[in-house]
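Take a look at the structure below.
As the structure is a prediction and not an experimental result, all values here were calculated from the model.
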Amino acid sequence: MVNIKRLKLVTWNVGYEEPAGDFTDLLDLKADPLPDIYGIGLQEVVTGDFDAYKNPWTSLFTSILVPKGFCLLKAVKLQGLLLVVYIKKEDLLCATHIESEISRAGMGGWWGNKGGVSIRFDLNGVNLIIVNSHLAAHMHNSAERIEDFFTILDTQKFRDKDVDHLLDHDYIFWMGDLNFRIDDLTREEVEKYIKQKDFDTLMKKDQLIKCREEGLIFCDFEEGKLDFPPTYKFDKGTDNYDSSPKRRVPAWCDRILWQVHEDAFEKITIAADLLQYKSIPCYVQSDHKPVIATFKVKVFPCQRFPAPVSFDVGGNWKTGQNAVVKYKIRKDSELLSSDRDWIGLYRSDFKHLKDYVTYIWAKEHTEDIPEGVEVTFWSRYLPEGSGTYRLAYISTYKDTLLGLSEEFQITS
């Protein structure tokens, strides 16, 4: 038996612009149902704040998606590269072994203006990775783009012994400003084919397609058909292609590809079915148009993987009083608890696992105590006033959520 999850990917070179406007179309917020997972990769983000969670773009997406039932699973940033992954809060316990990586490819690997960032996690028994990359620019630099691609592959290493390499994952989704151009055609010829919607002719001259056909890059990856206009380069604030003296030839710089190891499991064939691949031309802030893709991804049913940790919060709490909590580690969970694990107190509408109100350290080796153990939240650290809260058990091993309590009240 398999379960189907919808994955929405967004790639956009935002041209060092701050977020502004309505992002309903970008995030496909009118879809019914909404995706189960969002992976949003941006390039050329203003590099002022190095904390990916506090970046203005992250804050914006979080403010939109959290009220719709999502939680920020992980965020990672490398200079102008930003990747954020959101998951429905109801599925949060199904996502484990969460890691991120960065790879610098600029200036021979010393600088992060080009390179890649990734977020990988296990979901209902399968593992997947989402990569956001920005490869070398300019028409003549295909060889450098290929070199950047392999730099990312060679430098992304993970702690999970089963998938320590990027290409080991069951599902691999790779997106970004890959910067591949259209060869052998003039600006006027390309614009003529765009007006005629003759994208097949342009695809024959696309550098990335040709490099893939020659086995130089993205071997065994797939891509949807390019049946939308080239997404680069526009005059900012318009739908007009580059009118500067350089008059760059339009190109499909912004791409989304994927690879699936369909035979990763003996009795089931996993698959990623592409439902949608298109650009969103209504956004004119940048000199690039965003590109989105929607997939149906096969995973195992979540009930096969119950949470390792369960809570008894002892009913509602009162401000000014200590709160005693009992928790148990499931005997068959294979979890080795650590005194560096922690239990966080969260508002019910928490944005991500760093968005706790307070926390206490867990106890070591509690998996050997079948009746569970008690810990105390001291009153002086509890919030004042009334509200709805939850507890979460966080393993320091890859910041994985291992238990989430039911909602309870703190009353004054």
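- Between the side chains of S118 and Q156, at least one donor N or O sits under 3.5 Å from an acceptor N or O.
- Taking CG from L42 and CG from L82, the interatomic distance works out to 5.0 Å, rounded to the nearest 0.5 Å.
- We find the CE-CD1 distance between M175 and I130 to be 6.0 Å, quoted to the nearest 0.5 Å.
- The pair D287-K233 meets the salt-bridge criterion, since a charged nitrogen lies less than 4.0 angstrom from a carboxylate oxygen.
- Ion pairing of R248 with D242 is present here, as a side-chain N (NZ or NE/NH1/NH2) and a carboxylate O approach within less than 4.0 Å.
- Here the straight-line distance linking atom CG of D200 with atom OH of Y193 works out to 12.0 Å at 0.5 Å rounding.
- The ring pair (Phe, Tyr, Trp, His ring centres under 6.0 Å) analysis of residues 24-44, with sequence neighbours excluded, yields the pairs Y38-F70.
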Exercise. Side chain to side chain contact (heavy atoms under 4.5 Å, CB included) between L73 and Y86: does it pass, once the steps are laid out?
Worked result: CA-CA 5 Å; L73 185 68; Y86 295 85; over 6 Å; no
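- Considering all non-hydrogen atoms of both residues, V84 and A75 come closest at CG1-CB, 3.7 Å.
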For residues 260-274, which side-chain donor-acceptor pairs fall under 3.5 Å, sequence neighbours excluded?
unit_1	atom_1	unit_2	atom_2	d
H261	NE2	L167	O	2.8
H261	NE2	H169	O	3.4
H261	NE2	Q259	OE1	3.4

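- Remark: the N322 side chain and the T376 side chain contain no N/O donor-acceptor pair separated by less than 3.5 Å.
- Donor-acceptor pairing under 3.5 Å is lacking for the side chains of H97 and D160.
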For this session: Begin from the C-alpha positions of W252 and D206 and carry the test side chain to side chain contact (heavy atoms under 4.5 Å, CB included) through to its verdict.
Result: CA-CA 8 Å; W252 285 294; D206 178 76; 3.9 Å; yes
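- For K328, there are no salt bridge (Lys or Arg N to Asp or Glu O under 4.0 Å) partners, not counting sequence neighbours.
- Taken from CG in L9 to CD in Q276, the straight-line distance is 11.0 Å, to the nearest 0.5 Å.
- In this structure, W378 places its CH2 atom where only 12 or fewer heavy-atom neighbours from other residues, nucleotides or ligands lie under 6.0 Å away.
- Although no hydrogens or angles enter the test, the distance criterion places a donor-acceptor pair under 3.5 Å between the side chain of S386 and the main chain of S412.
- Aromatic rings from W342 and Y393 are positioned such that their centres are separated by 6.0 Å or more.
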For this session: Give the intermediate values and the outcome of salt bridge (charged side-chain N to carboxylate O under 4.0 Å, His left out) for residues R255 and E223.
Result: CA-CA 8 Å; R255 311 287 276 269; E223 184 183 18; 2.7 Å; yes
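- No salt bridge links R390 with E406; every basic N to acidic carboxylate O contact stays at or beyond 4.0 Å.
- Looking at D239 and K289, a side-chain N of the basic residue comes within less than 4.0 Å of a carboxylate O on the acidic one, giving a salt bridge.
- Here the CG-NZ distance, from D227 to K197, works out to 10.0 Å after rounding to the nearest 0.5 Å.
- Under the side-chain hydrogen bond (donor to acceptor under 3.5 Å, both in side chains) criterion, the residue pairs touching residues 178-189 are N179-R181, D183-Q207, D183-K210, T186-E189, R187-E191, E188-R247, with sequence neighbours excluded.
- Proximity of the aromatic rings of Y171 and W258 is defined here by a centroid distance below 6.0 angstrom, and this criterion is not met.
- A donor-acceptor distance shorter than 3.5 angstrom exists from the side chain of T62 to the backbone of T58, with no hydrogens or angles considered.
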For this session: Would you please test K30 and D25 for salt bridge (charged side-chain N to carboxylate O under 4.0 Å, His left out) and show each step?
Result: CA-CA 8 Å; K30 293 181 180 178; D25 290 336; 5.5 Å; no
Problem set entry | Stepwise side-chain hydrogen bond (donor to acceptor under 3.5 Å, both in side chains) test for Y277 and T294 | CA-CA 7 Å; Y277 187 39; T294 307; over 6 Å; no
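- Between the side chains of T231 and D254, a donor-acceptor pair is found at a separation under 3.5 Å.
- In this view, F350 and Y346 satisfy the ring pair (Phe, Tyr, Trp, His ring centres under 6.0 Å) rule, not counting sequence neighbours.
- Aromatic pair F234/Y241: centroids less than 6.0 angstrom apart.
- Between K77 and D51, no side-chain nitrogen of the basic residue sits less than 4.0 Å from a carboxylate oxygen of the acidic one, so the salt-bridge criterion is not met.
- In summary, the aromatic rings of F173 and F295 are positioned with their centroids under 6.0 Å apart.
- In plain terms, the two heavy atoms of Y283 and F23 that are nearest each other are OH-CA, 3.3 Å.
- Taking the six-membered ring for Trp and the full ring otherwise, H352 and Y53 have centroids separated by under 6.0 Å.
- Here the CD1-CG distance, from I280 to D28, works out to 7.5 Å after rounding to the nearest 0.5 Å.
- Screening residues 167-177 for salt bridge (Lys or Arg N to Asp or Glu O under 4.0 Å), with sequence neighbours left out, gives no hits.
- Considering all non-hydrogen atoms of both residues, V284 and T238 come closest at CG1-O, 3.6 Å.
- More than 12 heavy atoms of other residues, nucleotides or ligands lie within 6.0 Å of NZ in K157, so this atom counts as buried by the packing criterion.
- Tested against W317 for a ring pair (Phe, Tyr, Trp, His ring centres under 6.0 Å), the candidates Y381, F377, Y389 yield a single pass: F377.
- Using modelled atom types, one finds no donor on one side chain facing an acceptor on the other under 3.5 Å when comparing D148 with T151.
- In this structure, R159 does not pair ionically with D164, as no charged nitrogen and carboxylate oxygen lie closer than 4.0 Å.
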Problem set entry | Chi angles and distances behind the side chain to side chain contact (heavy atoms under 4.5 Å, CB included) call for I256, T11 | CA-CA 8 Å; I256 300 173; T11 179; 3.9 Å; yes
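- None of K68, K88, K296, R6 except one satisfies the salt bridge (charged side-chain N to carboxylate O under 4.0 Å, His left out) rule with D36; the exception is K88.
- For E99 and K74, the salt-bridge test fails: no basic side-chain N is under 4.0 Å from an acidic carboxylate O.
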Exercise. How far apart are the C-alpha atoms of L178 and L257, what are their side-chain angles, what is the distance that settles it, and do they pass the side chain to side chain contact (heavy atoms under 4.5 Å, CB included) test?
Worked result: CA-CA 11 Å; L178 306 186; L257 300 95; 3.7 Å; yes
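- Counting non-hydrogen atoms of neighbouring residues, nucleotides and ligands closer than 6.0 angstrom, the CD atom of E384 reaches no more than 12 such neighbours.
- A donor atom on one side chain and an acceptor atom on the other are not found under 3.5 Å apart for E101 and T155.
- The aromatic rings of W174 and F218 sit perpendicular to each other, their planes meeting at more than 60°, with 30° as the lower class boundary.
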